[in-house]
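Chain naming here is simple, since letters A, B, ... match the order of the sequence lines and numbering starts at 1 in each.
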There are 2 protein chains.
Amino acid sequence: MSKQTDKHKALQESAGVSQVETTNQAIIAALKKRRQKKPTTQQLVSDILAGNMTALSRAITLIESTNPAHAQQANDIITACLPHANKSVRIGITGVPGVGKSTFIESFGSYLSAIGKKIAVLAIDPSSSISKGSILGDKTRMEDLVKDTNVFIRPSPSGTSLGGVARKTRETIILCEAAGFNTILIETVGVGQSETAVHSMVDFFLLLKLAGAGDELQGIKRGIIEMADSIVINKADGSNVKAAKIAKVEFNRALHLYPKKASNWQPKVMLCSALKNEGIETIWDSIHTYVMLTTKNGYFDQRRHDQNKFWLIETIKDALHSTFFNNPTIKIALQQQISLIENQKTTPFAAAEYLLGLT
Amino acid sequence: MSKQTDKHKALQESAGVSQVETTNQAIIAALKKRRQKKPTTQQLVSDILAGNMTALSRAITLIESTNPAHAQQANDIITACLPHANKSVRIGITGVPGVGKSTFIESFGSYLSAIGKKIAVLAIDPSSSISKGSILGDKTRMEDLVKDTNVFIRPSPSGTSLGGVARKTRETIILCEAAGFNTILIETVGVGQSETAVHSMVDFFLLLKLAGAGDELQGIKRGIIEMADSIVINKADGSNVKAAKIAKVEFNRALHLYPKKASNWQPKVMLCSALKNEGIETIWDSIHTYVMLTTKNGYFDQRRHDQNKFWLIETIKDALHSTFFNNPTIKIALQQQISLIENQKTTPFAAAEYLLGLT
């Protein structure tokens with residue numbers, strides 16, 4: 001059917017004429033080169049140590065990445081930064097939504113910057129795995145801090161587990177410290193176990209509260225008060241002052257319910273109005289006194305050592321649990337054993353032995 | 001050399017004359033038979049279900065044994081008893097040494113017996129692995145209870161770990177309930193994590209306290225108050241009454257610091273003098289009210305289900321941890337990694353990954 005030798009058919013195409021080039025190839029090449037030029041680990045480390053915030057951000061993005069190659073590079077960067085870390089005061093800040101955490105951090109951070117500190121503001125918010133960076137996401141609430149060159153702000157990493165989020169934040173702390181940030185603020189909300197996670201990675205734990213209509217002490221999440229090194233009653237201004245003073249007395253009483261802390265520090269209750277920048281200096285003085293006390297009595301370093309061991313052991317335990325309980329055979333058998341227990345056919349201990357025997 | 005045919009040598013012996021039997025062989029045989037006759041599993045179970053305390057004690061001894069054959073028999077007995085268990089109120093009782101726990105249990109137990117209850121008194125005291133049965137060991141402190149046929153008293157099992165001790169006690173509860181004991185008292189001291197263990201196996205948790213010289217609220221172990229369903233101020237007699245009343249007000253305030261419990265129960269503070277048998281009835285009435293409330297709102301059963309799941313998961317986790325951390329290779333490598341962390345050569349997370357890779 002086809003006529004192979006015909007060279008001049010209607011369907012034959014002649015070569016087209018080249019269009020005149022209208023883009024500058026040199027610029028495109030330069031742009032491509034720039035995009036492809038991923039900074040080396042060594043370059044990132046030396047930039048971080050020089051205090052370069054862009055390099056710091058890039059390295060944190062590697063920490064937060066789920067790409068295994070990125071994880072490897074992140075580990076190398078962290079290891080290189082480690083000897084330059086640890087020279088900081090790490091402060092945890094918690095409080096329920098509405099207590100004014102953003103305003104407090106804005107006011108507190110600005111004060112710290114004014115007295116010459118370099119501040120990194122991080123967050124742990126496990127809920128941000130859905131709405132990424134729900135805390136600190138709205139940087140407009142921290143107008144001054146965002147513009148401050150002494151301040152580095154990073155929203156909460158996202159993650160499927162609190163453990164994962166906590167790990168990323170702990171590694172981020174190392175990089176921030178290596179970059180010269182000597183005051184680390186870690187914000188969290190009163191959700192799930194995030195306070196416990198933050199408490200186990202900071203030197204000082206600050207609980208923000210509001211004075212309410214007689215129910216100041218209601219709704220305190222179990223265990224939070226005893227973790228607090230200080231309770232700061234925010235919005236102690238205007239018509240709130242009287243209620244705030246009453247709340248202070250009550251919280252002081254509550255703090256005295258607990259035995260003396262291992263730090264030998266007696267937690268303090270303080271009033272502040274973040275909005276009016278009142279009481280901020282007193283809070284910092286108190287933290288400073290705490291750091292002096294605990295550095296002198298050895299608790300400061302001891303606590304950091306203990307925290308390292310805690311995270312080592314916790315990370316191992318998490319991995320062991322996750323390997324076991326995510327095993328498909330175990331998942332099915334576990335539900336069956338729970339049914340047997342509920343029907344009084346077996347005990348939790350016999351069921352545990354059976355399940356452990358399956359792996 | 002030998003003269004085989006000599007029948008009358010000096011060394012030859014004639015058969016001796018039998019001595020007259022002075023012991024009653026029949027009795028010895030009967031005793032031996034009795035000693036050797038280990039009751040069968042089936043026999044023990046039916047005796048336990050019939051309320052036989054000797055059988056109950058024997059079965060508990062099997063639970064406490066470290067002999068694997070005993071463990072197997074114990075498991076069989078427990079499984080057979082399970083359908084008959086659970087019909088009880090389980091009450092945890094804690095308080096520091098000197099608060100008068102033994103006297104309280106004597107008084108409380110006698111009252112319960114008088115109103116027709118059958119009471120099992122158990123204990124969890126991890127320290128008893130050294131001085132076996134340090135709690136309840138001195139039964140002379142419970143003179144009346146010991147003689148009471150409605151009361152079964154068993155000292156704390158010994159064990160190397162709280163987990164092991166707790167497991168034995170939980171299994172003992174099942175047997176006691178199957179034997180018809182409908183009120184289980186579990187005593188513990190304010191040592192280590194034993195309160196948490198007891199709290200997770202009882203329906204109602206009672207904290208015994210003393211009114212002191214203005215420092216009633218000092219020295220409360222963290223988290224104990226929030227576990228308490230009631231706080232009983234003991235020794236509220238004579239010149240102590242005034243201080244006890246003040247303490248009651250303070251503890252009530254302390255209890256209100258915490259959010260409402262999932263049980264919907266508002267913990268109560270009560271006064272009592274166990275020595276003078278005062279206030280005992282009120283305490284029982286309060287527990288009775290609690291049981292009615294939580295049975296009606298479903299919390300009672302839900303909590304027992306949750307406790308079963310808790311022990312199932314905890315037992316598995318304990319086994320996973322123990323297998324990993326008792327591995328000789330891990331033991332050595334763990335110490336090395338901890339040193340590396342302290343010298344800022346690695347992070348807890350990198351160390352954890354390294355260690356997990358070794359198994």
Open item on the list: Is Gln307(A) close to chain B through its backbone or its side chain, or both, or neither, when contacts mean heavy atoms under 4.5 Å?
Closed with: neither
Open item on the list: So which residue, Thr347(B), Leu320(B), Leu334(B), Ile313(B), ends up with the most heavy-atom pairs under 4.5 Å with chain A?
Closed with: Leu320(B)
Task: Gap separating the CZ atom of Phe349(A) from the CD1 atom of Ile63(B), nearest 0.5 angstrom - done: 10.0 Å
Open item on the list: Any non-hydrogen side-chain atom of His321(B) less than 4.5 Å from a side-chain atom of His321(A)?
Closed with: yes
Task: Phe310(B), part contacting chain A, at a heavy-atom distance under 4.5 Å - done: neither
Open item on the list: Give me the atom names and distance for the closest heavy-atom approach of Ala352(B) to Leu312(A).
Closed with: N-CD1, 3.5 Å
TODO: Against chain A, label Asn75(B) side chain, backbone, both or neither, depending on which of its atoms sit under 4.5 Å from a heavy atom there.
DONE: side chain
- [ ] Counting only heavy atoms closer than 4.5 Å, note whether Leu356(A) contacts chain B via side chain, backbone, both or neither.
- [x] side chain
Open item on the list: With rounding to the nearest 0.5 angstrom, report the CD to CG distance, Glu342(A) to Asp301(B).
Closed with: 10.0 Å
Open item on the list: Can you give me the closest heavy-atom contact between Arg170(A) and Pro348(B), atom names plus distance?
Closed with: NH2-CG, 3.7 Å
Task: chain B interface, residue from Ile338(A), Thr79(A), Ile78(A) that has the most non-hydrogen pairs under 4.5 Å - done: Ile338(A)
- [ ] Output the option from Gln337(B), Glu171(B), Lys317(B) having the highest count of non-hydrogen pairs under 4.5 Å with chain A.
- [x] Lys317(B)
Task: chain A contact via Ile316(B) - which portion, at a heavy-atom distance below 4.5 Å - done: both
